[in-house]
Q: 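Here's a structure for you.
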Amino acid sequence: MYRPHRRTPSSPITTSVHAGRHDFRSLGCHAAPIDLSTTYPFNDAAEATEALDALVSGDAEAGNPIYARLYNPTVARVERAVAEIEGAEACVAFSSGMAAITACILAASERGRHVVGVRPIYGTTDHLLSSGLLGVETTWTGPNGVSNAIRRDTGLVVLETPANPTLDLVDIAEVVRAAHGIPVMVDSTFATPILQQPLFHGATYSLHSATKFLSGHGDTMGGLICTSEAAAARLRQVRVATGALLHPMAAYLLLRSLPTLPMRVHQAQASAMEIAERLQAHRSVADVLYPGLSTCDPSGIVGRQMAGPGAVLSFRLRPPARHATSMTRAGDVPSDLYQAFFNELSMITPAVSLGSTDTLIQQPAALTHRILEGDVQDEHGITPDLFRLSVGIEDVEDIWADLSRGLEVFARRCEPSQRPLTLAPVMA
Ligand SMILES: Cc1ncc(COP(=O)(O)O)c(C=O)c1O
């Protein structure tokens, strides 16, 4: 059985700085070369055919790249770098996180066209699996239902931890045990390789939307799958056939972002912990969902499976208690009150996505998870009062000043005198 490599003795901070750069001295460069070629000249037709055959069948490299859909050296460099940071044998890069998830599902469907999906999960992943777009059938369950959901034709178990947007944590090793040898794909986007390495807990695939923390500056889309060399070969075959390639410029930008990944994650995580605690104490906040709070991590995943709770949290807005009689449930709060909260934010950016240098906020029920059926939203608490905050690397006091201003305005706007009066019909 494939075992992932233990990291080299250097710390993840040092590995992130040097990964993908080991040949720079011999190349005589100090920044990664970018190769934008779409085709590559050959001198010997027989050698070219041999290289083509090797790449089409999933080899990581060959004597000649032949054509950019088969191989690109800048992309291969970032793949080697991320594999090293994650402690994996191999990594395969795609044009986006969704392209990576698609490739994983297609690669696994060779084994069976049934997928077990663990909810909650990112809205588009849920949609991709529920819609049947890829010709697979999905059984949805929670982490404890995996064993019962497995069928003879199950090819893949899909889960996300921490999960988007409720930050639910899943014990990867337990799901791997329950999967009885069926490959398990873990979307580890929220954790990054700095905080979690699913392969060490038995997962077959560790997947990242590189659009988030790995690229980290809101300017690059990409998807990455860390896995064994054998599983990577199949993923490369799918990539060659479907063409969902990471562009070499995106690979370059990603390589440029990796050295600062640990610092960005640690800085944002420290602020997220602080913000989560302050939100918990705020009168306009009903609930805070964050793996750093013991209430959200009853089985101690942080410290065992994750090196830290990460930099994304969600919270529920509620009218302060004294107004609870008129507005008690999420659906009862008029949307203009939520808009008033957004309007007051001047530094925090109202936007989807996460893992950027700046703090981002969004309302999952209205945006990232809007595509889900209403009952699925309700079952997982993805209601209009839920806000997801991706904490950036700004000074925590500036983040809090902005957020708490918005919360205060929300609280004030909830006061009965601020709402339009509904007059009782005058009795004649
Ligand atoms: C957890 C998670 N996985 C996958 C994706 C999809 O990634 P991309 O937008 O790069 O396709 C996202 C996007 O938000 C996400 O949050």
Side-chain angles (χ1 to χ4, degrees), residues 75 78 82 91-106 115 117-131 133-134 156 158-170 172 184-193 195-196 198 203 205-226 239 242-247 250-251 253-254 257 265 268 289 291 306 309-314 349-356 360-372 380 382 386-391:
V75 173
V78 80
V82 174
C91 174
V92 187
F94 296 87
S95 51
S96 69
M98 289 317 302
I101 293 169
T102 300
C104 203
I105 296 166
L106 292 176
V115 174
V118 178
R119 273 179 173 149
I121 201 162
Y122 172 55
T124 309
T125 309
D126 194 308
H127 173 67
L128 184 68
L129 286 168
S130 301
S131 62
L133 267 173
L134 296 180
L156 186 67
V158 173
L159 69 94
E160 197 171 281
T161 183
N164 188 356
T166 51
L167 285 300
D168 285 28
L169 299 175
V170 179
I172 297 168
V184 174
M185 185 210 98
V186 177
D187 186 330
S188 193
T189 298
F190 276 33
T192 82
L195 301 180
Q196 181 171 271
Y205 306 101
S206 169
L207 185 142
H208 303 278
S209 164
T211 316
K212 312 298 183 326
F213 290 96
L214 277 92
S215 71
H217 296 73
D219 57 6
T220 311
M221 291 208 79
L224 296 161
I225 306 177
C226 293
R239 185 177 62 181
T242 60
L245 310 165
L246 185 70
H247 191 274
L253 287 169
L254 202 43
S257 295
V265 168
L289 309 175
M306 290 181 79
V312 185
L313 59 88
S314 291
T349 309
V352 297
S353 203
L354 55 106
S356 200
L360 305 175
I361 192 164
Q362 65 110 7
Q363 215 176 350
L367 294 164
T368 52
H369 292 71
R370 179 171 170 73
I371 200 158
L372 302 185
H380 296 283
I382 306 169
L386 187 73
F387 290 77
R388 191 190 73 194
L389 188 76
S390 168
V391 178

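Counting starts at 1 for both ligands and their atoms, in listed order. Side-chain atoms are counted along with the backbone in the values below, which use heavy atoms only and exclude waters and symmetry mates.
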Q: Let's go through M306 and L169 carefully: what are the C-alpha distance in whole Å and the side-chain angles of both, what is the deciding distance for side-chain contact (heavy atoms from CB on, under 4.5 Å) to 0.1 Å, and is it a yes or a no?
A: CA-CA 10 Å; M306 290 181 79; L169 299 175; 4.0 Å; yes
Q: Tell me which one of L224, T102, I225 satisfies side-chain contact (heavy atoms from CB on, under 4.5 Å) with F94.
A: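 Testing each of L224, T102, I225 against F94, the sole residue satisfying side-chain contact (heavy atoms from CB on, under 4.5 Å) is I225.
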Q: What residue among L156, L134, T124, I105 forms side-chain contact (heavy atoms from CB on, under 4.5 Å) with L129?
A: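 Result: among L156, L134, T124, I105, I105 is the only option passing the side-chain contact (heavy atoms from CB on, under 4.5 Å) with L129.
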Q: Return a table of N or O atom pairs, ligand 1 on one side and protein on the other, at distances under 3.5 Å, rounded to 0.1 Å.
A:
unit_1   : atom_1 : unit_2 : atom_2 : d
ligand 1 : 3 (N)  : D187   : OD2    : 2.6
ligand 1 : 7 (O)  : S209   : OG     : 3.0
ligand 1 : 10 (O) : G97    : N      : 2.9
ligand 1 : 10 (O) : S209   : OG     : 2.8
ligand 1 : 10 (O) : T211   : OG1    : 2.6
ligand 1 : 11 (O) : G97    : N      : 3.1
ligand 1 : 11 (O) : M98    : N      : 2.8
ligand 1 : 14 (O) : K212   : NZ     : 2.8
ligand 1 : 16 (O) : N164   : ND2    : 2.9

Q: Hey, does Y122 have a side-chain heavy atom less than 4.5 Å from the side chain of M98?
A: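 M98 reaches Y122 side chain to side chain.
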Q: Between F213 and V312, is there a side-chain heavy-atom distance shorter than 4.5 Å?
A: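 The answer is yes; the side chains approach within 4.5 Å.
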Q: Tell me if a side-chain donor or acceptor on T161 pairs with a main-chain N or O of V170 at a distance below 3.5 Å.
A: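 Side chain of T161 to backbone of V170, a donor-acceptor pair under 3.5 Å: yes, one is there.
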